[in-house]
Each structure stands twice: as C-alpha cells, then as structure tokens.
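Working notes for the structure below.
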Number of protein chains: 2
Amino acid sequence: MSPEPPAISVTVDVVLLTLRAGRLCVLVIQRDEEPFAHYWALPGGFVGADEDLDDSARRQLAEETGVTTAGHLEQLYSYGAPGRDPRTRVVSVAYLALLPNLPQPEPGRRGQQARWWPVEDLGSPDGPTLAFDHPRIVADGVERARGKLEYTPMAAAFCEEPFTLADLRRVYEAAWGVSLDPPNFRRKVLSTPDFVLPVGAVSSPRGGGRPAQLYRRGSATALYPPLLRRSV
Amino acid sequence: MSPEPPAISVTVDVVLLTLRAGRLCVLVIQRDEEPFAHYWALPGGFVGADEDLDDSARRQLAEETGVTTAGHLEQLYSYGAPGRDPRTRVVSVAYLALLPNLPQPEPGRRGQQARWWPVEDLGSPDGPTLAFDHPRIVADGVERARGKLEYTPMAAAFCEEPFTLADLRRVYEAAWGVSLDPPNFRRKVLSTPDFVLPVGAVSSPRGGGRPAQLYRRGSATALYPPLLRRSV
DNA sequence: GCAAAAGTGTTGACTGTACACCCATGT
DNA sequence: ACATGGGTGTACAGTCAACACTTTTGC
C-alpha cells in the first residue's frame with residue numbers, strides 16, 4: 001500500500017424492503033438538512049470508529065426507524081463515485097434488509113418523516129425523488145432481492161411467523177409481478193428440504209376457504225433446484 | 001447523518017483469478033513491509049481522492065501486476081471489521097477479476113514478488129499464509145466465481161479468444177472440480193443465445209483429434225436456464 | 001347451498017443425462 | 001492403422017406447467 005490515504009468518509013445505507021398490501025415497498029426518510037433537504041433518502045449514516053459494517057447497518061436501522069432487525073440483513077454493494085455526495089468524498093456500503101410488514105410507517109428517531117414507498121412508484125412522476133444516488137441503490141437492492149428469491153429461501157423473511165404457503169407465494173408474486181400456480185408452488189416449496197417447517201396448526205381463513213397449514217422458516221440456505229422466474 | 005465522521009481509510013483489493021494447467025489460481029504479491037512482511041497478499045491499495053472504486057481496482061491491477069484488464073471485473077464485497085488491519089481502521093472494497101491464463105507470473109511494479117497460487121492450496125500446509133483477512137476474501141471471491149458460472153456467461157472471461165468449447169468446458173471442470181459430458185455441454189452452451197459466437201474457423205488440434213470450431217464471447221449477460229452445478 | 005381458498009392427482013411437454021456412434025485430424 | 005478429441009443422434013428418466021378435482025371453511 002502506498003502511504004497517502006486520502007480523506008474519505010464511510011457510511012452505511014440500508015435498503016429496507018417489506019410487503020404491504022401485496023406490493024414491494026422500501027422505507028425512506030425525509031431529509032431535514034441540505035443537501036437534498038426535503039428529499040426522501042435511505043436510512044443510513046457514518047460508520048462508528050470501532051463498529052463493524054454489519055453492526056452499523058443494524059444500528060442505523062434501529063436508530064432511524066425503530067426496527068430491531070430480526071429479519072434478513074445482507075451487504076448489498078458499495079458506492080463510491082467521487083461526486084455522489086456534493087459535500088465531501090463518501091463511500092457508502094449499502095445493505096439490504098427484508099422484514100415482514102410492519103404495523104405503521106415507523107417515525108424516525110430524530111423526528112424525521114418516514115414512510116414506505118412501493119418500489120414501482122419510485123421512477124414514476126407521482127413517486128418521490130430520492131436524494132443522492134439512492135435511486136440506483138434502491139434499484140440494485142430490489143434487483144438483488146428479486147434474483148435471490150430464485151435460489152435462496154429468503155422469501156420467508158418477508159413473512160411473519162407462522163405463515164401459510166399462500167403468504168409465501170404472495171411474496172414471489174409481488175416481487176416478480178407474476179402469478180404462480182398454487183398447487184405447483186406448494187409442491188415446489190415442500191420438496192425443498194428445510195425451506196419451511198410445518199408448525200402443526202392451521203390458519204383461520206378470513207372470509208371463506210379451507211384453513212391452511214402453518215409453517216415457520218427452515219434452516220435451508222439455498223434452493224436446489226432453484227425456483228426460476230422465467231420459464232422461457 | 002450525524003456530524004462526526006470517524007477517520008477510516010478506504011482501500012481496494014483485487015482477487016484476480018485465472019486458469020493455469022487446469023487449476024483455478026489466484027494472483028498474490030509478497031509484502032515487503034510490516035505488518036505481515038513476507039506474507040502473501042492480494043494486490044490493492046488506497047483509493048485515490050477523486051477516483052471511482054472501479055477505476056481504482058483497474059489501477060491497482062495495472063500498477064501491481066502489469067495487467068491492463070481486458071477481462072471481467074466486478075465488485076465482490078466490502079470488508080470493514082475494526083481489527084482487520086492492525087495499523088488503522090481500514091474498509092476494503094474487494095473486486096473480483098477474471099482473466100485468461102497469462103504468460104508469466106507478472107512481476108510487481110514496485111519489485112515485489114508476484115505469483116499465481118492454486119486456490120486449493122491456500123488452506124493446506126504446503127500453501128501460503130495470506131496476510132490480513134485475505135484468506136476470507138479469496139474464499140469469497142472463489143465462491144462468487146463458482147456460483148456465477150452457473151447463471152452467467154462469465155466462464156468465457158477465462159478463455160483467450162478465439163476459444164473452443166473444450167476450452168470453455170475445462171473452465172467449469174477446473175472451477176467446480178467435476179467432469180462434464182462434452183456432447184451435452186456443447187448443446188447446452190450453443191442453445192443459450194449469444195453465450196458464444198462462432199468465429200467460422202477451426203483450431204489446429206495439438207496431438208491428434210478433430211479440429212474444433214472456434215468461438216468468441218457473445219453479448220449474453222445471463223444464462224436461462226442456468227447450467228447447474230449439482231444435479232441432485 | 002354457494003363461494004372461496006387449500007390441497008391432491010394426473011397428464012403431456014420439456015429438459016437433462018448417459019452413452020453409442022460417426023468425423024477429422026496427428027502420428 | 002490407430003489413437004485422440006470434436007461433434008451428432010437417441011433414448012430413458014426426471015421435472016415442470018397446466019388444470020381437473022376434492023376438501024374444508026365462511027356466509
């Protein structure tokens with residue numbers, strides 16, 4: 001290593017996804033400072049002097065959204081283009097978090113507005129304009145999530161336990177914008193060892209229909225064979 | 001963001017993989033400074049004050065190994081555990097580079113020893129001990145490469161153009177440690193649009209055998225359906 | 001009873017795998 | 001001629017997608 005480390009700040013930003021009313025949504029916080037005051041932005045902040053990156057992501061989530069992250073959390077990508085923050089050089093390590101639907105929009109700790117936004121609305125005119133390069137980060141996070149649904153059991157992180165196979169199926173349908181055949185989906189999931197574990201109880205159907213078996217997340221880390229998105 | 005950015009250095013490390021004699025190898029450089037003097041380490045260094053992360057990775061490769069990277073280069077993961085560099089707090093953005101076999105071990109620009117090491121030897125007693133958390137970084141890079149061979153046309157980055165389908169097949173066989181059926185492999189690759197493009201010439205066989213058609217890399221970015229590693 | 005949702009069975013198309021066989025070259 | 005590796009054909013088995021059908025609930 002050469003001996004001239006330039007001054008670069010390191011932050012962590014979190015793309016927190018959840019499912020609300022059958023739509024994939026991302027949590028954004030309204031900024032109260034320049035630059036990009038009043039724009040929506042991802043929760044995040046500086047990494048502490050003695051803080052691991054993963055711990056920092058968990059802390060930012062807890063501080064800015066009140067989420068004590070039980071769900072899935074993984075590192076997404078690092079963004080370091082020189083001009084991405086107009087104030088100073090910032091390298092941001094983005095994280096992807098997945099959680100079951102939360103009761104309410106989670107007010108920010110420091111009083112900022114926080115809300116869920118359906119990911120399809122982000123590019124559209126009636127949607128919000130995100131600060132910095134956060135549109136790209138969200139897009140990357142959504143794409144990562146959509147892709148990893150195929151070959152990991154990550155979809156279960158969107159479901160409150162215990163959940164039904166219909167709940168799990170709706171995760172795929174919302175994330176991919178497709179509809180899946182319930183019988184085939186059921187067979188597929190149950191044939192993957194430890195994807196889900198039966199809990200031995202049934203749900204109470206809301207408004208008709210046979211009660212469904214309940215499941216919780218299993219210990220599988222990969223899906224073989226994968227649940228592929230496009231058949232052609 | 002809170003207003004106390006701690007002092008953190010940002011570096012880029014590169015896991016450069018290639019195929020040599022049918023084995024997957026990683027390029028390592030012998031350190032000439034403490035800490036970890038005389039240990040082998042990944043090529044890397046500080047990110048420049050106005051340098052994008054990708055550009056920095058390309059620069060480190062060029063400076064430390066003489067590689068003007070034509071091959072595949074992608075961001076791998078970021079490592080930021082507080083104690084990972086004993087001198088100071090360093091967050092390292094690791095990159096994964098894939099190149100065809102290079103003629104010789106590429107001496108380092110600043111005179112350091114550089115050499116290829118088969119990835120299987122890294123954990124073993126006769127293999128080298130890597131500095132810092134580089135064993136983990138290499139392991140992550142190898143795992144990423146092995147995984148992405150399944151669903152991207154990345155394998156072709158290991159082949160000098162023009163290449164034969166046998167060359168391409170040997171990439172998979174070396175990376176996965178399996179042997180693949182040549183006829184089936186051929187059909188699989190050719191049935192994926194734009195994975196490889198025929199060049200309209202044939203190779204001169206070395207030591208007997210029918211000449212093989214030659215191909216170059218196509219424009220595909222994904223493989224549908226994927227070329228799955230384990231059939232059961 | 002009827003609608004709605006869960007769950008089972010079945011079939012036909014497709015895909016992957018194994019392997020026999022032919023082709024074109026070097027020695 | 002024979003060995004070697006490239007390339008084609010084929011047949012069996014497993015998997016996937018579509019959809020008919022049964023089960024169990026709310027109204």
Side-chain angles (χ1 to χ4, degrees), chain A residues 22 149-151 159 162-174 176-193 195-216 222-232, chain B residues 21-22 149-151 155-156 159 162-174 176 178-193 195-216 222-232:
Chain A
L149 288 181
E150 290 186 340
Y151 56 96
C159 299
F163 51 86
T164 68
L165 294 182
D167 294 333
L168 190 61
R169 180 170 44 83
R170 277 186 275 269
V171 172
Y172 285 90
E173 294 179 330
W176 291 347
V178 299
S179 68
L180 300 175
D181 183 68
N184 293 336
F185 180 81
R186 171 192 177 77
R187 267 185 293 257
K188 182 79 185 174
V189 169
L190 293 184
S191 71
T192 302
F195 187 172
V196 297
L197 301 174
V199 111
V202 293
S203 69
S204 35
R206 39 216 169 284
R210 173 172 168 177
Q213 286 290 326
L214 290 171
Y215 298 86
R216 56 190 175 85
L223 264 39
Y224 279 93
L227 219 157
L228 291 181
R229 185 155 27 159
R230 36 165 155 159
S231 5
V232 175
Chain B
L149 288 182
E150 291 186 340
Y151 56 95
C159 298
F163 52 86
T164 67
L165 294 183
D167 294 333
L168 189 62
R169 178 168 46 81
R170 277 185 274 270
V171 172
Y172 285 90
E173 294 180 331
W176 291 347
V178 299
S179 67
L180 300 175
D181 183 68
N184 294 335
F185 180 81
R186 171 191 177 79
R187 268 185 291 258
K188 182 80 186 173
V189 170
L190 294 183
S191 71
T192 302
F195 186 171
V196 297
L197 301 174
V199 111
V202 293
S203 70
S204 34
R206 41 219 167 283
R210 171 173 170 179
Q213 287 291 326
L214 290 171
Y215 298 85
R216 56 190 176 84
L223 266 39
Y224 279 93
L227 220 157
L228 290 181
R229 190 159 18 162
R230 39 166 154 157
S231 4
V232 174

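A, B, ... follow the sequence lines: proteins, then strands. Residue 1 opens every chain.
- Looking at Leu149(B) and Trp176(B), their side chains come closer than 4.5 Å, going by heavy atoms from C-beta outward.
- One atom, CG of Leu227(A), and another, P of dT15(D), lie 14 Å apart when rounded to the nearest Å.
- dT15(C) atom P lies 15 Å from atom CG of Leu223(B), rounded to whole Å.
- Residue Arg169(A) contributes atom CZ, which lies 10 Å from atom P of dG7(C) at whole-angstrom precision.
- Counting non-hydrogen atoms under 4.0 angstrom, Pro182(A) reaches nothing in the nucleic acid.
- Comparing Lys188(B) and Leu165(A) by the nucleotide of DNA chain C that holds the closest heavy atom to each, the one mapping nearer the 5' end is Leu165(A).
- In terms of modelled atom types and a separation under 3.5 Å, the side chain of Lys188(B) and the main chain of Pro226(B) share a donor-acceptor contact.
- Taken from CZ in Arg216(B) to CG in Leu197(B), the straight-line distance is 5.0 Å, to the nearest 0.5 Å.
- As rounded to whole Å, 12 Å separates atom P of dA6(C) from atom CZ of Phe185(A).
- Regarding Arg186(B), its CZ atom lies at a distance of 17 Å from the P atom of dG16(C), rounded to whole Å.
- Rounded to an integer number of Å, the gap from CD of Gln213(B) to C1' of dG7(D) is 10 Å.
- Straight-line distance from the CG atom of Leu214(A) to the C1' atom of dG7(C): 14 Å, rounded to whole Å.
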Evaluate the criterion side chain to side chain contact (heavy atoms under 4.5 Å, CB included) for residue pair Val178(A) and Tyr172(A); output intermediate values, then yes/no.
CA-CA 8 Å; Val178(A) 299; Tyr172(A) 285 90; 5.9 Å; no
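- Atom CZ of Phe163(A) is separated from atom C1' of dA6(C) by 16 Å (rounded to the nearest Å).
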Sugar-phosphate means primed atoms, P, OP1 and OP2; the rest is base. With that split, encode nucleotides 19-27 of chain D 5' to 3' as B, S or - using protein heavy atoms under 4.0 Å.
B---BBBS-
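- Ring centroid separation for the pair Tyr151(B) and Tyr224(B) does not come in under the 6.0 Å cut-off.
- Ring centroid separation for the pair Tyr215(A) and Phe195(A) does not come in under the 6.0 Å cut-off.
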